[in-house]
Protein chains: 2
Amino acid sequence: MNIYDISKQAGVSIATVSRVLNGSDKVSPSTREKVLQVIEQNSYTPNAFARSLGLNSMHTVGILCADSSDVYLASAIYYLERELRQNSYASMLCCTGYHLEEKKKYLQLLLSRNVDALFFAGSNFVEDTEKNNAYLFEAAGKVPVFILNGYLAGDRIYSVLCDDRLAVNEMTESLFRRGSHAPVYLYRSLSYSGRKKIAGFREACIKNGITDADKRIFASPVSVHETAAFLDALEKEGLSFDACVTSDDELAVGAVKFALSHGRRIPDEFQVTGYNNSLISTCSTPEITTVDNRVEFMCTTAVSLLMQALDGKNIPARTVFSGDIIQRETTNVF
Amino acid sequence: MNIYDISKQAGVSIATVSRVLNGSDKVSPSTREKVLQVIEQNSYTPNAFARSLGLNSMHTVGILCADSSDVYLASAIYYLERELRQNSYASMLCCTGYHLEEKKKYLQLLLSRNVDALFFAGSNFVEDTEKNNAYLFEAAGKVPVFILNGYLAGDRIYSVLCDDRLAVNEMTESLFRRGSHAPVYLYRSLSYSGRKKIAGFREACIKNGITDADKRIFASPVSVHETAAFLDALEKEGLSFDACVTSDDELAVGAVKFALSHGRRIPDEFQVTGYNNSLISTCSTPEITTVDNRVEFMCTTAVSLLMQALDGKNIPARTVFSGDIIQRETTNVF
DNA sequence: ATGAAAGCGCTAACAA
DNA sequence: TTGTTAGCGCTTTCAT
């Protein structure tokens, strides 16, 4: 059943059917009624591919993320998809993992579907050399590219991000004010935001007279138990620390487990801070003080920017907003 | 740049270019080489819409779920997308929420993109009346439909699910063996699997001499704190209970928080069990005994079934496998 | 092995 | 207001 069948049954031309389908106002009410009836009777739906071919768009965007089962990325995807859908765009999801080659490959999968725009959720997409970012520039050559939680300057590349450096800096500063003398910092990756966070921690340390700041910054293994074991090893090696600032809530859970298993009272004897304000920060007991980096806001902003861009409007290449410290039970009350 | 441009530059017909593009073996090596070179030079990529129009498929499937930020559904999406991608299918994601009308509406969004198949992740899609499932039958009229964690009999509807009734039954039985005399059951929804789980709990209770089983089954509010408060209220109302079986790990976290805040020692004085074996079951301290319902296996199986179906093979309408109890710290060692 | 040409089902410019 | 028709860019059948 195609537009010709409908036009025949309704006794009109395909142009008229097309007009009805697309809500044109240049159709008489009676004709419209008749056509609509035939469409209904046959439960006809226009062929998306033919339509796309004419319009050169399927009203679909691609969302790339390293791992959609990561709590933080999962929420980003949720908000992106919701906003896009509300603007009647469909979302193609693609989980790329963390390796450059895979990212490139799966980007092609999306590009080969002729999506109207691309969202890269998570700062892990911004590599540290121009050459390794070539794939992003290439993508931006075809469609507008939005980077969430990362920044890259380039034509048709739009970044929406939280000021992670500032947030971690403030969090660390607050830890000093709350009595910490020897914090350590745990991170998972050296992505764009990963590096910013580290900078924020380091600055706060230096400002507060910690001379060996760089020796207090560690890449941690990711699973909760491994993180706890990692801190355990650190302590056994002779490093003394009374607080643990982390780059995400999962690492913070590991730090809490470390403290609990060592009989270190939280927050009196040991303070912990997370990042992302994800569900797991409240699943821990004690609940974790964390940074809300406003994923929802980030996503709605990004989609709204896209809609404006598609509307031909000029949009900012970079949108940054500040995070928010959520005080819970793993840090002292000031 | 289209297939005509390439054909001109290469001095061949579009048919030949098309053959090269699709890896036909009826092209001489020299011609192939020449065409490939021109394609490379112009970094030409064929238009997906035109291609789809001819083939009537874009090699894309739709994934529907209520809420992709739910840890359990997020992992299901992750595995589905991964498997599909490995079979070079792209995934369109659509989060429908829990209301029937929205489900129907967003299903249309996907169907209007002419996807090749549909995955419904989560048993909340199977409603309890034939009429309310009409949308699923309708969808199955257009493309093969896969239901994960739910069951519905119908043409071209394929269900892949864990035996939730059995798993909860065994979990509850084990609780009795581990010294519980008065368990309660907390659930979030009465979806297909929700009802099965309840049945499993009830059966175990009856078998173990609990006469008021139905009065020990409750719909709980969802957030961790609300769940804890709910149990608190239950206790204040005079209900006595020494164990809490739940329909998912989040509820279990709430139950743990309840026990912790009431000074009830886990697991000696109070036992808790979750469901899904999600990340949050290990983020809690003590860590939660839970059921692994094998999401990954479920998803890889479902995708593999789809591939076979697209291959013209006959596949089973219903695939059920058993869950696995993961013993952790919230239940006594037998 | 290669090419010509007929679709695929729609949109939109142009005519009437 | 309605109809005619030329694309959109590809795949594929049928000749050669």
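For clarity, every value in this text was computed on a predicted model and none was experimentally measured. Atom set for the values below is all heavy atoms of this structure, side chains included, hydrogens, waters and symmetry mates excluded. The chains referred to below are lettered A, B, ... by the order of the sequence lines, with proteins before strands, and numbering in each begins at 1.
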Q: Check the distance between dC8(C)'s P and Asn56(B)'s CG and give it to me in whole angstrom.
A: 11 Å

Q: Which whole-number value in Å describes the distance from Arg32(B) CZ to dT2(C) C1'?
A: 13 Å

Q: What are the 5'-most and 3'-most nucleotides of DNA chain D lying under 4.0 Å from any heavy atom of chain A?
A: dT1(D) to dG9(D)

Q: Have a look at Tyr72(B) and tell me which of Asn293(B), Asp67(B), Asn276(B) forms a side-chain hydrogen bond (donor to acceptor under 3.5 Å, both in side chains) with it.
A: Asn293(B)

Q: If you take all heavy atoms of Ser13(A) and Ser7(A), which pair is closest and at what distance?
A: C-CB, 3.7 Å

Q: Please step through side chain to side chain donor-acceptor pair (under 3.5 Å) for the pair Gln308(B) and Ser304(B), ending with a clear verdict.
A: CA-CA 6 Å; Gln308(B) 293 176 54; Ser304(B) 149; 3.2 Å; yes

Q: If we fit an axis to the first five pairs and another to the last five of the helix from dA1(C)-dT16(D) to dA16(C)-dT1(D), what angle do they make, to the nearest 10°?
A: 30°

Q: Reading DNA chain D from 5' onward, which residue's closest nucleotide shows up sooner: Asp25(A) or Ala15(A)?
A: Asp25(A)

Q: What is the distance from NE2 of His59(A) to C1' of dT11(C), rounded to the nearest Å?
A: 15 Å

Q: Go through it in stages, so that I can follow the logic: the residues are Asn22(B) and Arg51(B), the test is side chain to side chain donor-acceptor pair (under 3.5 Å), and I'd like the CA-CA distance, side-chain angles, deciding distance and then a yes or no.
A: CA-CA 11 Å; Asn22(B) 294 291; Arg51(B) 185 153 204 277; 2.6 Å; yes

Q: What nucleotide among dG3(C), dG9(C), dA1(C) has an atom nearest to a side-chain atom of Leu53(A)?
A: dG9(C)

Q: Using whole Å, what does the distance between atom C1' of nucleotide dC8(C) and atom CG of Asp5(A) come to?
A: 13 Å

Q: Looking only at non-hydrogen atoms, find the nearest pair between Asp155(B) and Ala140(B) and report the distance.
A: O-CB, 3.4 Å

Q: Reckon Thr31(A) touches a base, only the sugar-phosphate, or nothing at all at heavy-atom distances under 4.0 Å?
A: sugar-phosphate

Q: Would you call the rings of Phe321(A) and Phe297(A) parallel, tilted or perpendicular, where under 30° means parallel and over 60° means perpendicular?
A: perpendicular

Q: Take atom CG of Asn22(A) and atom P of dG9(C), then tell me their distance rounded to the nearest Å.
A: 17 Å

Q: Can you tell which of dG9(C), dC10(C), dA1(C) lies closest to the side chain of Pro46(A)?
A: dC10(C)

Q: How is Leu55(B) classified with respect to the nucleic acid when contacts are heavy atoms under 4.0 Å: base, sugar-phosphate, or nothing?
A: sugar-phosphate

Q: Whole Å only: how far is the CD1 atom of Ile14(B) from the P atom of dA6(C)?
A: 12 Å

Q: Base, sugar-phosphate or nothing for Phe49(B)? Non-hydrogen atoms, less than 4.0 Å.
A: nothing

Q: Any side-chain donor-acceptor pair under 3.5 Å between Asn124(B) and Arg188(B)?
A: no

Q: Measure CZ/Arg19(A) against P/dC10(C) and give the value in whole Å, please.
A: 15 Å

Q: Rounded off to whole Å, could you give me the OH-to-P distance for the Tyr4(B) and dA4(C) pair?
A: 11 Å

Q: Give a yes/no on whether any side-chain N or O of Thr16(B) is located under 4.0 angstrom from OP1 or OP2 of dT2(C).
A: no

Q: If each of Ile3(A) and Gly11(B) is mapped to the nucleotide of DNA chain C with the nearest heavy atom, which maps nearer the 5' terminus, i.e. the 5' end?
A: Gly11(B)

Q: Would you call Glu81(B) and Arg85(B) a salt bridge, using N to O less than 4.0 angstrom?
A: yes

Q: Give the C-alpha distance, both sets of side-chain angles, the deciding distance and a yes or no for side chain to side chain donor-acceptor pair (under 3.5 Å) between Asp116(B) and Ser57(B).
A: CA-CA 7 Å; Asp116(B) 295 320; Ser57(B) 158; 2.9 Å; yes

Q: For the pair Phe120(A) and Tyr135(A), name the ring-plane relationship: parallel under 30°, tilted 30 to 60°, perpendicular over 60°.
A: perpendicular

Q: Would you tell me if any nitrogen or oxygen in the side chain of Asn2(A) comes within less than 4.0 Å of OP1 or OP2 on dC8(C)?
A: no

